[in-house]
Protein chains: 2
Amino acid sequence: MTSEVLARALNTNPVVVRRLMGGLREHGYVHSEKGHGGGWTLSCQLDQVTLRDIYEALDAPRLFAIGNRSEETECLVEEVVNHAMSSVLTDVKAQFLARFGQITLAALHADFHQKLAERFSGGLT
Amino acid sequence: MTSEVLARALNTNPVVVRRLMGGLREHGYVHSEKGHGGGWTLSCQLDQVTLRDIYEALDAPRLFAIGNRSEETECLVEEVVNHAMSSVLTDVKAQFLARFGQITLAALHADFHQKLAERFSGGLT
DNA sequence: GTCTCATGTAACTTCATGTGTTGCTAGAGT
DNA sequence: ACTCTAGCAACACATGAAGTTACATGAGAC
């Protein structure tokens, strides 16, 4: 499948697709071929890859929209608040990673097929 | 304490301070007085207010930097992925709120005084 | 060999969002 | 009146994500 086709499916741009897929390729989850007949192919077992793997392959983008203003500060109040918040955010991020680490692509694949079946068996809306 | 003084302490602007404090005032955590001699005063018990209360008083700003592209979609794949992610993010947010709900301002106040004491008793760096 | 089709990548533009700023109004004390 | 304060709307700026353009490189088709 080419970046062009993927981009249309995702309502975005082929270059954006390549940027994202680049991370997945570096981790061996997909493979790309240049030239005529080229494009992207899957190169992993769906039950061996989790959302966490993908999150990390995508360079683990910032998870929280909130956080410390600065790491180093002279201000004792800021220091105390930073410490309290960081502590919570660190733990919560660990929870997040753990949960994502339990969701395999195979599971999502199965969900997808179930929904697909529902749609064909009268579940049309 | 005036917005002006707070702004200097926080390295920001008095108007920004008023914007933030506005949320706290609506919830009764602080009180403001206009005019000469006016400014902000604390109007709550420190052990009755948690970081969660403050987070919510500040209109519960967006917590996560990631999330669904759109809520409604025709795409079954997107739907499946959205569902999986939303489920995790919802749970993780609940964890976050629970943790913040256990941190009172009184606790932070105590931390602050401890650090202050350390700094005076030879803990200088 | 060269033409076409695909990825790879850098540089730039656009957009969304949060932060900072200005200007003005209103209230409260001197 | 005068000064000092919050309240508020409107605008400007900064940041980072997403989208776009342009061009180089590699691989098959002819």
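Proteins come first, then strands; the chains are lettered A, B, ... in the order of their sequence lines, and each starts at number 1. Keep in mind the model is a prediction, meaning the values are calculated, not measured.
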Name the atoms and distances for all side-chain donor-acceptor pairs under 3.5 Å in residues 80-106 of chain A, with sequence neighbours left out.
{"from": "A:Asn82", "atom 1": "ND2", "to": "A:Ser70", "atom 2": "O", "distance (Å)": "3.2"}
{"from": "A:Ser86", "atom 1": "OG", "to": "A:Asn68", "atom 2": "ND2", "distance (Å)": "3.1"}
{"from": "A:Ser86", "atom 1": "OG", "to": "A:Asn82", "atom 2": "O", "distance (Å)": "2.8"}
{"from": "A:Thr90", "atom 1": "OG1", "to": "A:Ser86", "atom 2": "O", "distance (Å)": "2.7"}
{"from": "A:Asp91", "atom 1": "OD2", "to": "B:Arg99", "atom 2": "NH1", "distance (Å)": "2.7"}
{"from": "A:Asp91", "atom 1": "OD2", "to": "B:Arg99", "atom 2": "NH2", "distance (Å)": "3.3"}
{"from": "A:Arg99", "atom 1": "NH1", "to": "B:Asp91", "atom 2": "OD2", "distance (Å)": "2.7"}
{"from": "A:Arg99", "atom 1": "NH2", "to": "B:Asp91", "atom 2": "OD2", "distance (Å)": "3.3"}
{"from": "A:Thr104", "atom 1": "OG1", "to": "A:Ala106", "atom 2": "N", "distance (Å)": "3.4"}
{"from": "A:Thr104", "atom 1": "OG1", "to": "A:Ala107", "atom 2": "N", "distance (Å)": "3.0"}

Extract all donor-acceptor atom pairs below 3.5 Å that involve side chains of residues 46-53 of chain B and protein atoms in other chains or at least two apart in sequence.
{"from": "B:Thr50", "atom 1": "OG1", "to": "B:Arg52", "atom 2": "N", "distance (Å)": "3.3"}
{"from": "B:Thr50", "atom 1": "OG1", "to": "B:Asp53", "atom 2": "N", "distance (Å)": "3.2"}
{"from": "B:Thr50", "atom 1": "OG1", "to": "B:Asp53", "atom 2": "OD2", "distance (Å)": "3.2"}
{"from": "B:Arg52", "atom 1": "NE", "to": "B:Glu56", "atom 2": "OE2", "distance (Å)": "3.1"}
{"from": "B:Arg52", "atom 1": "NH2", "to": "B:Glu56", "atom 2": "OE2", "distance (Å)": "3.4"}
{"from": "B:Asp53", "atom 1": "OD2", "to": "B:Thr50", "atom 2": "N", "distance (Å)": "2.9"}

May I have the list of side-chain donor-acceptor pairs in residues 8-22 of chain A shorter than 3.5 Å, sequence neighbours left out?
{"from": "A:Arg8", "atom 1": "NH1", "to": "A:Glu4", "atom 2": "OE2", "distance (Å)": "2.8"}
{"from": "A:Asn13", "atom 1": "OD1", "to": "A:Val15", "atom 2": "N", "distance (Å)": "2.9"}
{"from": "A:Arg18", "atom 1": "NE", "to": "A:Ser3", "atom 2": "OG", "distance (Å)": "3.4"}

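The pair B:Arg69-B:Glu78 fails the salt-bridge criterion, with no side-chain N (NZ, NE, NH1 or NH2) lying under 4.0 Å from an Asp/Glu carboxylate O.
Across B:Ala57 and B:Tyr29, no two heavy atoms sit closer than the pair CB-CE1, 3.9 Å.
Taking atom CG of B:Leu6 as the reference point, atom C1' of C:dG20 lies 17 Å away to the nearest angstrom. In this entry the distance linking CG of B:Asn11 with C1' of C:dT21 reads 16 Å, nearest Å. Rounded to whole angstrom, the span from the CG atom of A:Asn13 across to the C1' atom of C:dC15 amounts to 15 Å. When rounded to the nearest whole Å, the span between NE2 of B:His31 and P of D:dT5 equals 15 Å. Whole-Å rounding puts the B:Arg19 CZ to D:dC8 P distance at 12 Å.
Every pair passing side chain to side chain donor-acceptor pair (under 3.5 Å) that includes a residue from residues 105-114 of chain A is listed here, sequence neighbours excluded: A:His109-A:His113, A:Gln114-A:Glu118.
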Which atoms of nucleotides 3-7 of chain C (N or O only) lie under 3.5 Å from a protein N or O atom, and what are those distances?
{"from": "C:dC5", "atom 1": "O2", "to": "A:His36", "atom 2": "N", "distance (Å)": "3.4"}
{"from": "C:dA6", "atom 1": "O4'", "to": "A:Gly35", "atom 2": "O", "distance (Å)": "3.2"}
{"from": "C:dT7", "atom 1": "OP1", "to": "A:Ser3", "atom 2": "N", "distance (Å)": "2.6"}
{"from": "C:dT7", "atom 1": "OP1", "to": "A:Ser3", "atom 2": "OG", "distance (Å)": "2.9"}
{"from": "C:dT7", "atom 1": "OP1", "to": "A:Trp40", "atom 2": "NE1", "distance (Å)": "3.3"}
{"from": "C:dT7", "atom 1": "OP2", "to": "A:Ser3", "atom 2": "OG", "distance (Å)": "3.3"}
{"from": "C:dT7", "atom 1": "OP2", "to": "A:Arg18", "atom 2": "NH2", "distance (Å)": "3.0"}
{"from": "C:dT7", "atom 1": "O3'", "to": "A:Ser32", "atom 2": "OG", "distance (Å)": "3.4"}

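With hydrogens and angles disregarded, a donor-acceptor distance shorter than 3.5 Å links the side chain of A:Ser43 to the backbone of A:Gly28.
Here A:Glu79 contributes atom CD and B:Leu108 contributes atom CG; the two are 12.5 Å apart, rounded to the nearest 0.5 Å.
Near DNA chain D, meaning a heavy atom under 4.0 Å from it, residues 50-80 of chain A has no residue at all.
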